[in-house]
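Bear in mind that the values here come from a model prediction, so they are computed numbers and not experimental data.
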Amino acid sequence: MEIDVPETMAEVEKEVSRRQANGETITEADVIKKTVLASFQAYLEFAEEGHYDSAKWQGDNIEVIDIMKQPIDTVKPQTESFVNDFKTSNDACFLYLQEAATKIAGMR
């Protein structure tokens, strides 16, 4: 499983600078949220051996939707937000997302 997202805060800062230089209005939080959601979706697809369920933001939580467009689970951040989780420890955040995806795939 390989996805192209920033994996560290240094990479997030570099991505923000690059995109702002290209005229985009973007923040660290925007990049981190995109990274978290894309990473969770990739972990979910790996655990399910294909794209069966989809992840989307529901406030500060990640909601998992099945192929019938019905919510099946919600993944909540470990702290007040996934942005804070990533900033505190990107490795712990990625591990948490992977474990949550594996758990959800195991329910299916």
Within the structure provided, determine whether [X] and [Y] are in side-chain contact (heavy-atom separation under 4.5 Å).
{"X": "Leu95", "Y": "Gln98", "answer": "yes"}
{"X": "Met9", "Y": "Asn90", "answer": "no"}
{"X": "Ile62", "Y": "Val36", "answer": "yes"}
{"X": "Asp60", "Y": "Glu80", "answer": "no"}
{"X": "Phe82", "Y": "Val75", "answer": "yes"}

Looking only at non-hydrogen atoms, find the nearest pair between [X] and [Y] and report the distance.
{"X": "Ala92", "Y": "Gln78", "value": "O-OE1, 4.1 Å"}
{"X": "Ile72", "Y": "Asp53", "value": "CD1-OD2, 3.5 Å"}
{"X": "Ser39", "Y": "Phe94", "value": "OG-CE2, 3.4 Å"}
{"X": "Ile67", "Y": "Tyr52", "value": "CG2-O, 2.6 Å"}
{"X": "Ile3", "Y": "Ala42", "value": "CG2-CB, 3.7 Å"}
{"X": "Phe86", "Y": "Thr35", "value": "CE1-CG2, 4.2 Å"}

Q. Taking only residues two or more places apart in sequence or in another chain, which ones pass salt bridge (Lys or Arg N to Asp or Glu O under 4.0 Å) with Glu99?
A. none
Q: Quick one: list whatever passes side chain to side chain contact (heavy atoms under 4.5 Å, CB included) with Glu45, sequence neighbours left out.
A: Gln41, His51
Q. Going by atom types alone, do Thr74 and Asn61 pair a side-chain donor with an acceptor below 3.5 Å?
A. no
Q.
Side chains of Thr88 and Asp85 only: does a donor on one sit below 3.5 Å from an acceptor on the other?
A. no
Hey, is the main chain of [Y] close enough, under 3.5 Å, to the side chain of [X] for a donor-acceptor pair?
{"X": "Asn22", "Y": "Glu24", "value": "no"}
{"X": "Glu11", "Y": "Glu7", "value": "yes"}
{"X": "Gln20", "Y": "Ile26", "value": "yes"}

Q) Can you tell me how far CD of Glu13 sits from CZ of Arg18, rounded to the nearest 0.5 angstrom? A) 15.0 Å
Q) To the nearest 0.5 Å, what is the distance between CD (Glu15) and CG (Asp4)? A) 8.0 Å
Q | Joint cluster assignment, Ile65 & Tyr43, ILVMFWY side-chain distance < 4.5 Å | A | no
Q. So with a 6.0 Å cut-off around NZ of Lys34, is the heavy-atom count from everything else above 12?
A. no
